[in-house]
Amino acid sequence: MEVKTAKSAGFCFGVKRAVEKAYEVAGEKKSGVYTYGSIIHNEEVVGDLEKRGVSVLNSEEELKALSEGTVIIRSHGVPRRIYEVLREKGLDYVDVTCPFVLKIHRIVERESRAGRHIVIIGNKDHPEVEATRGWCEGPSTVIETREEAEKFLLEGHEKVCIVSQTTFNYKNFQELVEILAKKRYDRLVLNTICNATNERQAEAAEIAKTVDAMIVIGGKHSSNTQKLFEICKGVCKNTYYIQTLADLDSDSFRSIQCVGITAGASTPNKIIEEVSKHVRIKF
(Lines give C-alpha, C1' and ligand atoms only; values in the text may rest on other atoms or scores of the structure.)
Protein backbone atom coordinates (compact mmCIF):
# COMPACT_ATOMS: atom_id res chain seq x y z
CA MET A 1 0.00 0.00 0.00
CA GLU A 2 1.16 3.52 -0.79
CA VAL A 3 1.11 5.89 2.21
CA LYS A 4 1.23 9.67 1.86
CA THR A 5 1.96 11.42 5.14
CA ALA A 6 1.53 15.19 5.30
CA LYS A 7 4.79 17.03 5.97
CA SER A 8 2.87 19.59 8.06
CA ALA A 9 1.27 16.93 10.29
CA GLY A 10 1.86 17.13 14.03
CA PHE A 11 3.14 19.67 16.53
CA CYS A 12 3.17 23.27 15.39
CA PHE A 13 5.66 25.76 16.81
CA GLY A 14 3.40 26.97 19.61
CA VAL A 15 2.42 23.50 20.78
CA LYS A 16 5.98 22.16 20.60
CA ARG A 17 7.21 25.11 22.66
CA ALA A 18 4.46 24.64 25.28
CA VAL A 19 4.96 20.89 25.67
CA GLU A 20 8.76 21.14 25.91
CA LYS A 21 8.48 23.83 28.58
CA ALA A 22 5.95 21.79 30.56
CA TYR A 23 8.30 18.79 30.66
CA GLU A 24 11.20 21.07 31.57
CA VAL A 25 9.33 22.60 34.52
CA ALA A 26 8.12 19.17 35.65
CA GLY A 27 11.71 17.94 35.69
CA GLU A 28 12.96 20.95 37.65
CA LYS A 29 10.20 21.24 40.26
CA LYS A 30 9.39 17.55 40.78
CA SER A 31 6.13 18.46 42.58
CA GLY A 32 3.64 21.29 42.98
CA VAL A 33 3.35 21.87 39.22
CA TYR A 34 0.00 22.62 37.59
CA THR A 35 -1.32 23.61 34.19
CA TYR A 36 -4.28 25.95 33.93
CA GLY A 37 -6.46 23.85 31.67
CA SER A 38 -4.94 21.10 29.53
CA ILE A 39 -1.56 22.24 28.19
CA ILE A 40 -2.72 21.11 24.72
CA HIS A 41 -5.68 19.12 23.40
CA ASN A 42 -4.04 15.70 23.48
CA GLU A 43 -4.96 13.17 26.14
CA GLU A 44 -1.74 11.17 25.74
CA VAL A 45 0.48 14.18 26.41
CA VAL A 46 -1.67 15.40 29.31
CA GLY A 47 -1.70 11.89 30.81
CA ASP A 48 2.08 11.55 30.55
CA LEU A 49 2.59 14.90 32.26
CA GLU A 50 0.25 13.82 35.05
CA LYS A 51 2.46 10.77 35.62
CA ARG A 52 5.33 13.20 36.07
CA GLY A 53 3.43 15.14 38.73
CA VAL A 54 1.80 17.86 36.64
CA SER A 55 -1.84 18.31 37.66
CA VAL A 56 -4.52 20.07 35.62
CA LEU A 57 -6.50 22.95 37.13
CA ASN A 58 -9.91 22.94 35.46
CA SER A 59 -11.37 26.14 36.87
CA GLU A 60 -10.63 29.51 38.40
CA GLU A 61 -11.92 28.18 41.72
CA GLU A 62 -9.30 25.42 41.73
CA LEU A 63 -6.63 28.01 41.01
CA LYS A 64 -7.82 30.21 43.89
CA ALA A 65 -7.64 27.21 46.22
CA LEU A 66 -3.87 26.90 45.71
CA SER A 67 -1.56 28.29 48.36
CA GLU A 68 1.72 27.47 46.60
CA GLY A 69 3.14 25.84 43.49
CA THR A 70 3.99 26.70 39.89
CA VAL A 71 1.24 27.19 37.34
CA ILE A 72 1.86 26.72 33.63
CA ILE A 73 -0.47 28.79 31.48
CA ARG A 74 -1.71 26.63 28.59
CA SER A 75 -0.90 27.20 24.94
CA HIS A 76 -4.49 28.33 24.30
CA GLY A 77 -4.02 31.25 26.66
CA VAL A 78 -6.18 32.49 29.54
CA PRO A 79 -8.35 35.54 30.27
CA ARG A 80 -6.62 38.54 31.83
CA ARG A 81 -8.30 37.89 35.20
CA ILE A 82 -6.31 34.64 35.59
CA TYR A 83 -3.06 36.61 35.60
CA GLU A 84 -4.59 38.88 38.24
CA VAL A 85 -5.44 35.87 40.43
CA LEU A 86 -1.91 34.48 40.05
CA ARG A 87 -0.38 37.79 41.10
CA GLU A 88 -2.81 38.30 44.00
CA LYS A 89 -1.98 34.87 45.41
CA GLY A 90 1.74 35.28 44.79
CA LEU A 91 1.96 32.07 42.75
CA ASP A 92 4.84 31.39 40.39
CA TYR A 93 3.73 30.90 36.82
CA VAL A 94 5.22 30.06 33.44
CA ASP A 95 3.40 31.46 30.42
CA VAL A 96 3.49 29.22 27.34
CA THR A 97 0.60 30.87 25.52
CA CYS A 98 1.10 30.54 21.77
CA PRO A 99 2.60 33.79 20.39
CA PHE A 100 -0.10 33.91 17.70
CA VAL A 101 -2.78 33.77 20.41
CA LEU A 102 -1.03 36.47 22.43
CA LYS A 103 -1.10 38.66 19.33
CA ILE A 104 -4.90 38.34 19.19
CA HIS A 105 -5.14 39.28 22.88
CA ARG A 106 -3.24 42.50 22.19
CA ILE A 107 -5.46 43.26 19.18
CA VAL A 108 -8.80 42.82 20.96
CA GLU A 109 -7.57 44.72 24.01
CA ARG A 110 -6.45 47.66 21.86
CA GLU A 111 -9.45 47.75 19.52
CA SER A 112 -12.05 47.32 22.25
CA ARG A 113 -10.48 50.24 24.10
CA ALA A 114 -10.84 52.20 20.86
CA GLY A 115 -14.58 51.58 21.00
CA ARG A 116 -14.94 48.69 18.58
CA HIS A 117 -17.27 45.77 19.21
CA ILE A 118 -15.09 42.65 18.95
CA VAL A 119 -16.32 39.83 16.73
CA ILE A 120 -14.43 36.57 17.08
CA ILE A 121 -14.92 34.01 14.32
CA GLY A 122 -14.62 30.69 16.11
CA ASN A 123 -16.11 28.26 18.61
CA LYS A 124 -17.40 30.03 21.73
CA ASP A 125 -16.66 27.00 23.92
CA HIS A 126 -13.03 26.65 22.82
CA PRO A 127 -10.50 27.68 25.49
CA GLU A 128 -8.65 29.92 23.04
CA VAL A 129 -11.82 31.87 22.29
CA GLU A 130 -12.78 32.04 25.97
CA ALA A 131 -9.31 33.42 26.71
CA THR A 132 -9.53 35.99 23.91
CA ARG A 133 -12.90 37.27 25.14
CA GLY A 134 -11.27 37.75 28.52
CA TRP A 135 -9.02 40.46 27.05
CA CYS A 136 -11.85 42.56 25.60
CA GLU A 137 -12.49 45.88 27.36
CA GLY A 138 -16.02 46.07 25.99
CA PRO A 139 -18.67 43.88 24.35
CA SER A 140 -17.74 40.91 22.17
CA THR A 141 -19.58 38.37 20.04
CA VAL A 142 -18.50 34.92 18.88
CA ILE A 143 -19.72 33.77 15.47
CA GLU A 144 -19.19 30.26 14.09
CA THR A 145 -21.99 29.67 11.57
CA ARG A 146 -23.62 31.42 8.62
CA GLU A 147 -26.86 31.66 10.59
CA GLU A 148 -25.11 33.44 13.47
CA ALA A 149 -23.43 35.84 11.03
CA GLU A 150 -26.72 36.64 9.32
CA LYS A 151 -28.45 37.31 12.66
CA PHE A 152 -25.66 39.52 13.98
CA LEU A 153 -26.99 42.99 14.68
CA LEU A 154 -25.62 45.96 16.60
CA GLU A 155 -28.00 48.67 17.71
CA GLY A 156 -26.43 52.09 17.79
CA HIS A 157 -22.92 50.65 17.52
CA GLU A 158 -21.37 50.50 14.08
CA LYS A 159 -17.65 50.01 14.75
CA VAL A 160 -16.48 46.40 14.77
CA CYS A 161 -13.19 44.53 14.79
CA ILE A 162 -13.29 41.01 13.35
CA VAL A 163 -10.63 38.45 14.31
CA SER A 164 -10.45 34.68 14.07
CA GLN A 165 -9.64 31.73 16.26
CA THR A 166 -6.16 30.67 15.13
CA THR A 167 -7.31 27.20 14.03
CA PHE A 168 -10.49 28.17 12.18
CA ASN A 169 -11.11 27.03 8.61
CA TYR A 170 -9.89 29.85 6.35
CA LYS A 171 -12.58 29.30 3.69
CA ASN A 172 -15.31 29.46 6.33
CA PHE A 173 -13.72 32.57 7.82
CA GLN A 174 -13.89 34.31 4.44
CA GLU A 175 -17.55 33.32 3.97
CA LEU A 176 -18.56 34.67 7.37
CA VAL A 177 -16.64 37.92 6.83
CA GLU A 178 -18.45 38.40 3.51
CA ILE A 179 -21.80 38.06 5.26
CA LEU A 180 -20.80 40.58 7.92
CA ALA A 181 -19.47 42.96 5.27
CA LYS A 182 -22.97 43.32 3.81
CA LYS A 183 -24.13 44.91 7.07
CA ARG A 184 -22.02 47.98 6.27
CA TYR A 185 -20.51 48.45 9.71
CA ASP A 186 -17.29 50.42 10.11
CA ARG A 187 -15.24 47.24 10.26
CA LEU A 188 -11.64 46.30 10.81
CA VAL A 189 -10.99 42.73 9.61
CA LEU A 190 -7.84 40.94 10.73
CA ASN A 191 -7.14 37.41 9.57
CA THR A 192 -5.55 35.93 12.69
CA ILE A 193 -5.63 32.30 11.54
CA CYS A 194 -2.18 30.81 12.14
CA ASN A 195 -0.08 30.29 9.00
CA ALA A 196 0.68 26.75 10.11
CA THR A 197 -3.06 26.07 10.22
CA ASN A 198 -3.52 27.34 6.66
CA GLU A 199 -0.63 25.21 5.41
CA ARG A 200 -1.83 22.10 7.24
CA GLN A 201 -5.38 22.45 5.91
CA ALA A 202 -4.24 23.10 2.33
CA GLU A 203 -1.84 20.16 2.32
CA ALA A 204 -4.46 17.83 3.82
CA ALA A 205 -6.97 18.79 1.12
CA GLU A 206 -4.43 18.17 -1.65
CA ILE A 207 -3.48 14.74 -0.31
CA ALA A 208 -7.14 13.79 0.20
CA LYS A 209 -7.77 14.38 -3.51
CA THR A 210 -5.20 11.75 -4.49
CA VAL A 211 -5.89 8.84 -2.09
CA ASP A 212 -8.50 6.12 -1.57
CA ALA A 213 -8.73 6.79 2.17
CA MET A 214 -7.58 9.47 4.60
CA ILE A 215 -6.59 9.13 8.25
CA VAL A 216 -6.77 12.22 10.45
CA ILE A 217 -5.05 11.87 13.83
CA GLY A 218 -5.71 14.06 16.84
CA GLY A 219 -7.41 14.53 20.19
CA LYS A 220 -11.19 14.40 20.22
CA HIS A 221 -11.32 17.92 21.70
CA SER A 222 -8.82 19.38 19.23
CA SER A 223 -10.47 22.12 17.18
CA ASN A 224 -7.81 22.15 14.45
CA THR A 225 -8.03 18.36 14.07
CA GLN A 226 -11.81 18.54 13.74
CA LYS A 227 -11.39 21.14 11.00
CA LEU A 228 -8.88 18.88 9.22
CA PHE A 229 -11.35 16.01 9.36
CA GLU A 230 -14.14 18.17 7.90
CA ILE A 231 -11.89 19.36 5.07
CA CYS A 232 -10.64 15.86 4.21
CA LYS A 233 -14.12 14.34 4.49
CA GLY A 234 -15.38 16.91 2.01
CA VAL A 235 -12.81 15.68 -0.52
CA CYS A 236 -12.45 11.99 0.35
CA LYS A 237 -15.51 10.18 1.71
CA ASN A 238 -13.33 7.45 3.24
CA THR A 239 -11.87 9.71 5.90
CA TYR A 240 -11.29 8.40 9.42
CA TYR A 241 -10.71 10.37 12.63
CA ILE A 242 -8.59 8.60 15.26
CA GLN A 243 -6.70 9.61 18.41
CA THR A 244 -4.18 6.76 18.47
CA LEU A 245 -3.36 3.56 16.61
CA ALA A 246 -5.74 1.69 18.92
CA ASP A 247 -8.69 3.51 17.29
CA LEU A 248 -7.81 2.37 13.77
CA ASP A 249 -10.27 -0.11 12.26
CA SER A 250 -8.02 -2.31 10.16
CA ASP A 251 -10.93 -3.88 8.26
CA SER A 252 -11.65 -0.53 6.65
CA PHE A 253 -8.31 -0.62 4.82
CA ARG A 254 -8.24 -4.16 3.43
CA SER A 255 -8.94 -3.13 -0.16
CA ILE A 256 -7.30 0.30 -0.06
CA GLN A 257 -4.40 0.94 -2.46
CA CYS A 258 -3.36 4.41 -1.32
CA VAL A 259 -3.93 6.11 2.03
CA GLY A 260 -3.16 9.62 3.22
CA ILE A 261 -2.27 10.61 6.78
CA THR A 262 -2.41 14.00 8.45
CA ALA A 263 -2.60 15.10 12.07
CA GLY A 264 -3.60 18.05 14.18
CA ALA A 265 -1.20 20.50 15.78
CA SER A 266 -1.42 18.73 19.16
CA THR A 267 -0.52 15.26 17.88
CA PRO A 268 2.93 13.93 18.89
CA ASN A 269 5.14 12.63 16.08
CA LYS A 270 5.37 9.29 17.89
CA ILE A 271 1.67 8.61 17.30
CA ILE A 272 1.86 9.67 13.65
CA GLU A 273 4.84 7.38 13.07
CA GLU A 274 3.10 4.45 14.79
CA VAL A 275 0.04 4.78 12.55
CA SER A 276 2.12 5.23 9.39
CA LYS A 277 4.31 2.21 10.18
CA HIS A 278 1.32 0.03 11.03
CA VAL A 279 -0.48 0.86 7.77
CA ARG A 280 2.63 0.16 5.70
CA ILE A 281 3.32 -3.20 7.37
CA LYS A 282 -0.23 -4.51 7.73
CA PHE A 283 -1.50 -3.61 4.30
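Numbering starts at 1 and runs along the sequence shown. Reckoned from all heavy atoms, side chains included, excluding hydrogens, waters and symmetry mates. Since this is a predicted model, take the numbers as computed values, not measurements.
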Original post:
Taking E148 for the side chain and E144 for the main chain, is one N or O donor matched with an acceptor at less than 3.5 Å?
Top reply: yes

Original post:
Do S8 and E203 have side-chain N/O donor and acceptor atoms under 3.5 Å apart?
Top reply: yes

**OP:** Applying side chain to side chain donor-acceptor pair (under 3.5 Å), name anything that partners R81, two or more places apart in sequence or on another chain.
**Re:** E60

Subject >> Minimum side-chain heavy-atom gap L66-V71 below 4.5 Å >> reply: yes

Original post:
Atom CG in D95, atom CD1 in I82: separation rounded to 0.5 Å?
Top reply: 12.0 Å

Original post:
Same cluster or not: are I120 and V101 linked, directly or through other Ile, Leu, Val, Met, Phe, Trp or Tyr residues, by side-chain heavy atoms under 4.5 angstrom apart?
Top reply: no

**OP:** Please examine the side chains of Q243 and K220, heavy atoms only from C-beta on, and report whether any two atoms are closer than 4.5 Å.
**Re:** yes

Original post:
Quick one: ring-ring contact (aromatic ring centres under 6.0 Å, His included) partners of Y240, sequence neighbours excluded?
Top reply: F253

Subject >> pair R74-T97: side-chain heavy atoms closer than 4.5 Å >> reply: no

Original post:
By ring-ring contact (aromatic ring centres under 6.0 Å, His included), which residues pair with H105, not counting sequence neighbours?
Top reply: W135

Subject >> Note: R80-E137 ion pair, threshold 4.0 Å (strictly below) >> reply: yes

Original post:
Hey, does the side chain of R200 reach the backbone of G264 with a donor-acceptor pair shorter than 3.5 angstrom?
Top reply: no

Subject >> Co-membership, hydrophobic cluster, residues I143 and V160, 4.5 Å side-chain >> reply: yes

Original post:
From N42 CG over to T244 OG1, what is the distance, rounded to the nearest 0.5 angstrom?
Top reply: 9.5 Å

**OP:** Mind running side chain to side chain donor-acceptor pair (under 3.5 Å) on Q165 and T167 for me, showing each step along the way?
**Re:** CA-CA 6 Å; Q165 181 179 332; T167 55; 3.1 Å; yes

Subject >> Side chain E24, main chain E20, donor-acceptor under 3.5 Å >> reply: no

Subject >> Salt-bridge present (E273, K270; N to O < 4.0 Å) >> reply: no

**OP:** For V259 and I215, run side-chain contact (heavy atoms from CB on, under 4.5 Å): C-alpha distance rounded to whole Å, both residues' side-chain angles, the deciding distance at 0.1 Å, then the answer.
**Re:** CA-CA 7 Å; V259 63; I215 300 172; 4.0 Å; yes

Original post:
Just by modelled atom types, is the G32 backbone N or O under 3.5 Å from a matching donor or acceptor in the E68 side chain?
Top reply: no

Original post:
Quick one: CG on N238 to NZ on K233, what's the gap to the nearest 0.5 Å?
Top reply: 7.0 Å

Subject >> V119 vs V163, side-chain contact (heavy atoms from CB on, under 4.5 Å): CA-CA, chis, key distance, verdict >> reply: CA-CA 6 Å; V119 175; V163 296; over 6 Å; no

**OP:** List in chain and number order the residues that pass ring-ring contact (aromatic ring centres under 6.0 Å, His included) with F229, two or more places apart in sequence or in another chain; answer none if no residue qualifies.
**Re:** Y241

Subject >> Within 6.0 Å of NZ in K183, more than 12 heavy atoms from elsewhere >> reply: yes

Subject >> Pair R87-E84, salt bridge (charged side-chain N to carboxylate O under 4.0 Å, His left out): steps then yes or no >> reply: CA-CA 5 Å; R87 286 191 283 266; E84 295 170 355; 5.6 Å; no

**OP:** Work out which heavy atom in A149 is nearest to a heavy atom in L176; give both atom names and the distance.
**Re:** CB-CD2, 4.0 Å

**OP:** Answer yes if V78 and V85 sit in the same cluster of Ile, Leu, Val, Met, Phe, Trp and Tyr residues linked by side chain heavy atoms under 4.5 Å apart, and no otherwise.
**Re:** yes

Subject >> Residue that, paired with H117, satisfies side-chain contact (heavy atoms from CB on, under 4.5 Å) out of S112, C136, C161, P139 >> reply: P139

**OP:** Locate the shortest heavy-atom distance separating V235 from A205; write the atom from each residue and the value.
**Re:** CG1-O, 4.1 Å

Subject >> Close side-chain approach of H221 to S38, heavy-atom, < 4.5 Å >> reply: no

Original post:
Any side-chain heavy atom of L91 within less than 4.5 Å of one from L63?
Top reply: yes

**OP:** Before accepting this row, confirm whether a basic side-chain N of the pair K64/E61 lies closer than 4.0 Å to the acidic partner's carboxylate O.
**Re:** no

Original post:
For atom NZ of K4, is the number of surrounding heavy atoms from other residues, nucleotides or ligands below 6.0 Å larger than 12?
Top reply: yes

**OP:** For residues Y185 and L154, determine if any side-chain heavy atom of one lies less than 4.5 Å from a side-chain heavy atom of the other.
**Re:** yes

Original post:
Where do S164 and F168 come nearest, in terms of heavy atoms and distance?
Top reply: OG-CB, 3.4 Å

**OP:** Indicate if L245 and I217 have the same hydrophobic cluster label, given that clusters are the connected sets of ILVMFWY residues with side-chain heavy-atom separations under 4.5 angstrom.
**Re:** yes

**OP:** State the OG1-CG distance between T145 and N123, to the nearest 0.5 angstrom.
**Re:** 11.0 Å

Original post:
Can any side-chain N or O of R116 pair as donor or acceptor with the backbone N or O of D186 at less than 3.5 Å?
Top reply: yes

Original post:
Side-chain contact, heavy-atom cut-off 4.5 Å: V96 with I72?
Top reply: yes

**OP:** Taking only Lys NZ, Arg NE, NH1 and NH2, and the carboxylate oxygens of Asp or Glu, determine whether R106 and E109 approach each other closer than 4.0 Å.
**Re:** yes

Subject >> Intermediate values then yes/no, side-chain contact (heavy atoms from CB on, under 4.5 Å), N172 and E175 >> reply: CA-CA 5 Å; N172 292 347; E175 291 177 351; 3.8 Å; yes

Original post:
Taking C-beta and beyond as the side chain, do Y93 and Y36 meet within less than 4.5 Å on heavy atoms?
Top reply: no

Original post:
Which pair of heavy atoms, one from A208 and one from C236, lies closest together, and at what distance?
Top reply: O-CB, 3.6 Å

**OP:** Could you tell me whether the side chain of D212 and the main chain of I256 form a donor-acceptor pair under 3.5 Å?
**Re:** no

Subject >> K21, NZ atom: more than 12 neighbouring heavy atoms under 6.0 Å >> reply: no

Subject >> Pairwise distance CD1(I118) to CZ(R110) - rounded to 0.5 angstrom >> reply: 9.0 Å

Original post:
Between T197 and I193, is there a donor-acceptor pair closer than 3.5 Å when you use the side chain of the first and the backbone of the second?
Top reply: no

Original post:
To the nearest 0.5 Å, what is the distance between OG1 (T267) and CD1 (I40)?
Top reply: 8.0 Å

**OP:** Specify the closest pair of heavy atoms between V142 and G122, including all atoms of both residues, with the distance to one decimal.
**Re:** CG1-O, 3.3 Å

Could you list the donor-acceptor pairs under 3.5 angstrom formed by side chains in residues 49-56, with sequence neighbours left out?
from : atom 1 : to  : atom 2 : distance (Å)
R52  : NE     : D48 : OD2    : 3.2

**OP:** Determine, for E178 against K182, whether the closest basic-nitrogen to carboxylate-oxygen distance falls under 4.0 angstrom.
**Re:** no

Original post:
Going only through I, L, V, M, F, W and Y residues with side-chain contacts under 4.5 Å, is there a path from V25 to V15?
Top reply: yes

**OP:** Begin from the C-alpha positions of V275 and T5 and carry the test side-chain contact (heavy atoms from CB on, under 4.5 Å) through to its verdict.
**Re:** CA-CA 10 Å; V275 173; T5 301; over 6 Å; no

Subject >> Smallest separation among heavy atoms of F173 and L190, with atom names >> reply: CZ-O, 4.0 Å

Original post:
Quick one: ring pair (Phe, Tyr, Trp, His ring centres under 6.0 Å) pairs with a partner in residues 41-68, sequence neighbours left out?
Top reply: H41-H76, H41-H126

